[in-house]
S.K.: 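Following this message is one structure expressed as structure tokens.
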Amino acid sequence: WQKANASIERGIAYLRTTAGEDGSWSPQIGPAVTAMVVSVMLDRPDISPRDPAVSKALAHILDRCRDDGGIIHGRGGLALLRGRGRVRPF
């Protein structure tokens, strides 16, 4: 598990350097990629929704909500729920 954890940590460190100014990853295709990144980050016990990158990404996802509360891509909703502590990691 040490190798896996080290790889995950390196991946998250890299992702932190590639986030857009608006907190998104790949904004041109919608919030799904950003939601997946947030989900991976929130799987880590040392990263919370208050983490600056996660918080900014969650704000980006929320900004993409439709008037009816829906999000264009389903994963965005999962990330928001996890960010609010309502869904636990698998």
S.K.: Do you know the tightest heavy-atom contact between Ala57 and Thr34?
M.R.: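 Nearest pair, atom of Ala57 first, then Thr34: CB-CG2, 3.7 Å.
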S.K.: Taking Val38 as the fixed residue, which of Leu15, Leu58, Asp43 is the one that meets the side chain to side chain contact (heavy atoms under 4.5 Å, CB included) rule?
M.R.: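 Between Val38 and the candidates, side chain to side chain contact (heavy atoms under 4.5 Å, CB included) is satisfied uniquely by Leu58.
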S.K.: Does the side chain of Ile47 come within less than 4.5 Å of Ile12's, by heavy atoms?
M.R.: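 Side-chain contact under 4.5 Å: yes.
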S.K.: Locate the shortest heavy-atom distance separating Ser48 from Leu42; write the atom from each residue and the value.
M.R.: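 Taking every non-hydrogen atom into account, C-CD2, 3.7 Å.
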S.K.: If only atom types and distance count, is the side chain of Ser24 paired as donor or acceptor with the main-chain N or O of Ser26 below 3.5 Å?
M.R.: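 It does not hold such a pair.
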S.K.: Taking salt bridge (charged side-chain N to carboxylate O under 4.0 Å, His left out) as the definition, give me every residue that meets it alongside Asp63, ordered by chain and number, with sequence neighbours left out.
M.R.: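 By the salt bridge (charged side-chain N to carboxylate O under 4.0 Å, His left out) rule, Asp63 matches no residue at all.
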S.K.: Could I get the full list of side chain to side chain donor-acceptor pair (under 3.5 Å) partners for Asp46, not counting sequence neighbours?
M.R.: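 Result, side chain to side chain donor-acceptor pair (under 3.5 Å) vs Asp46: none returned.
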S.K.: Just by modelled atom types, is the Glu21 backbone N or O under 3.5 Å from a matching donor or acceptor in the Lys56 side chain?
M.R.: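 Pair found, side chain donor or acceptor close to backbone of Glu21.
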S.K.: Would you call Arg16-Asp51 a salt bridge at under 4.0 Å N-O?
M.R.: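 The answer is yes: the pair qualifies as a salt bridge.
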S.K.: With a 4.5 Å heavy-atom cut-off, do Arg44 and Asn5 have their side chains touching?
M.R.: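 Counting from C-beta outward, Arg44 and Asn5 do come under 4.5 Å.
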